[in-house]
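Each residue takes its place number in the sequence, starting with 1.
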Amino acid sequence: QVQLVESGGGLVQAGGSLRLSCTASGTIFSSNTMGWYRQAPGKQRELVATIASTSNTNYVDAVKGRFTISRENAKNTVHLQMNSLKPEDTAVYYCNLKFRVSMMEYWGKGTLVTVSS
C-alpha cells in the first residue's frame, strides 16, 4: 500500500508564501505523476499542478506564474512553492500519486492552507 504524507500548510496573509511537501512511501514505481489538488468549501476538488517523472509539468491557469511544482525522484517527494497567495487559494490541498502503467491512484489526507485578506 502506498502512503502519502503532506506538510507545510498553515495560515498566511495575502501576498505571502508557503511551501508544501509530500513524501510517498511503499512500493513506488518510477513511472508516475505526482501532483497537488485542492478543495475549497462548497466547491469540487480541482487540479492545481502535476509533475511527471519526466519532469513535464501542468498547472491550472489560476496559479500559473505564482506556483511552482518540483520533485525529488530519489526521495519520492513533491513540493509546491506557492507565492503571491490570494484569499481564493484557501483550500485543503491534497497530494496525489498516479502510476502511469497501472493507472492506480493514491491520495494524501490533505493539508489546510488559509490565506487571509
Side-chain angles (χ1 to χ4, degrees):
Q1 185 68 30
V2 173
Q3 183 178 4
L4 303 177
V5 179
E6 303 108 329
S7 63
L11 174 65
V12 65
Q13 63 182 348
S17 298
L18 285 174
R19 181 177 172 85
L20 306 183
S21 297
C22 172
T23 297
S25 61
T27 303
I28 310 300
F29 299 103
S30 59
S31 182
N32 65 73
T33 297
M34 299 187 74
W36 294 92
Y37 294 69
R38 66 186 181 187
Q39 187 167 26
K43 300 182 65 177
Q44 293 186 331
R45 188 175 300 186
E46 67 171 351
L47 181 148
V48 179
T50 63
I51 182 167
S53 53
T54 59
S55 295
N56 288 340
T57 59
N58 183 39
Y59 298 89
V60 67
D61 287 344
V63 308
K64 288 181 178 177
R66 299 189 296 121
F67 292 8
T68 301
I69 190 168
S70 61
R71 63 186 292 162
E72 301 175 75
N73 290 339
K75 298 180 179 179
N76 295 127
T77 297
V78 63
H79 306 282
L80 186 67
Q81 179 66 46
M82 305 185 294
N83 298 327
S84 301
L85 282 162
K86 304 175 180 179
E88 50 263 44
D89 294 318
T90 295
V92 176
Y93 284 70
Y94 296 90
C95 182
N96 172 269
L97 170 66
K98 187 173 186 176
F99 294 120
R100 301 187 70 84
V101 176
S102 69
M103 300 299 286
M104 294 193 68
E105 196 167 24
Y106 299 89
W107 295 91
K109 294 182 178 180
T111 184
L112 178 62
V113 172
T114 302
V115 184
S116 62
S117 60

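- The two residues Tyr59 and Ile69 make their nearest non-hydrogen contact at OH-N, 2.9 Å.
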- Message: Checking Arg38 against Val63 for the side-chain contact (heavy atoms from CB on, under 4.5 Å) test, could you report, in this order, the C-alpha distance in whole Å, the side-chain angles of both residues, the deciding distance, and whether it holds?
- Response: CA-CA 12 Å; Arg38 66 186 181 187; Val63 308; 4.0 Å; yes
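- Contact detail for Leu4 and Tyr106: the closest heavy-atom pair is CD1-O, 3.4 Å.
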- Item | Verdict with supporting geometry, His79 and Glu72, side-chain contact (heavy atoms from CB on, under 4.5 Å) | CA-CA 8 Å; His79 306 282; Glu72 301 175 75; 2.6 Å; yes
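- Separating the CG atom in Leu11 from the CG atom in Leu18 is a distance of 8.5 Å, to the nearest 0.5 Å.
- Nearest heavy-atom pair across Ala24 and Ile28 is CB-CD1, 3.9 Å.
- Aromatic ring orientation, Trp107 versus Tyr94: perpendicular (interplanar angle above 60°, classes split at 30° and 60°).
- Closest approach of Leu112 and Ala91 over heavy atoms only: CD1-O, 3.6 Å.
- Taking CG of Leu80 as the reference point, atom CE of Met34 lies at 12.0 Å (rounded to 0.5 Å).
- Counting heavy atoms of neighbouring residues, nucleotides and ligands inside a 6.0 Å radius, atom CD of Glu88 exceeds 12 of them.
- Both Phe29 and Met104 belong to a common hydrophobic cluster when Ile, Leu, Val, Met, Phe, Trp and Tyr are linked at side-chain heavy-atom distances under 4.5 angstrom.
- In this model, no donor atom of one side chain and acceptor atom of the other lie less than 3.5 Å apart for Asn32 and Ser53.
- Here the CD-OG1 distance, from Gln3 to Thr23, works out to 10.5 Å after rounding to the nearest 0.5 Å.
- Cluster membership for Leu47 and Ile51, using ILVMFWY side-chain heavy atoms within less than 4.5 angstrom, is not shared.
- For the residue pair Thr90/Thr114, the side-chain donor-acceptor check at 3.5 Å is not satisfied.
- Scanning all heavy atoms of the two residues, the minimum distance from Cys95 to Glu6 falls at N-OE2, 2.8 Å.
- Looking at every heavy atom in both residues, Gln81 comes nearest to Ser17 through NE2-CB, 4.0 Å.
- A salt bridge is defined here as a Lys NZ or Arg NE, NH1 or NH2 lying under 4.0 Å from an Asp or Glu carboxylate O, and Asp89 with Lys86 fails to meet this definition.
- The shortest distance between side-chain heavy atoms of Asn58 and Thr33 does not fall below 4.5 Å.
- For Arg100, the CZ atom is loosely surrounded, since the number of other residues' heavy atoms within 6.0 Å does not exceed 12.
- The side-chain heavy atoms of Met82 and Trp36, taken from C-beta on, include no pair separated by under 4.5 Å.
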- Item | Check against side-chain contact (heavy atoms from CB on, under 4.5 Å), Leu97 and Asn76 | CA-CA 10 Å; Leu97 170 66; Asn76 295 127; over 6 Å; no
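- Cluster annotation: Val60 and Val78 are assigned to the same hydrophobic cluster (Ile/Leu/Val/Met/Phe/Trp/Tyr, side-chain heavy-atom contacts under 4.5 Å, transitive).
- Counting heavy atoms from C-beta outward, Val48 and Phe67 have side chains that approach closer than 4.5 Å.
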- Check against side-chain contact (heavy atoms from CB on, under 4.5 Å), Glu105 and Asn96: CA-CA 7 Å; Glu105 196 167 24; Asn96 172 269; 2.9 Å; yes
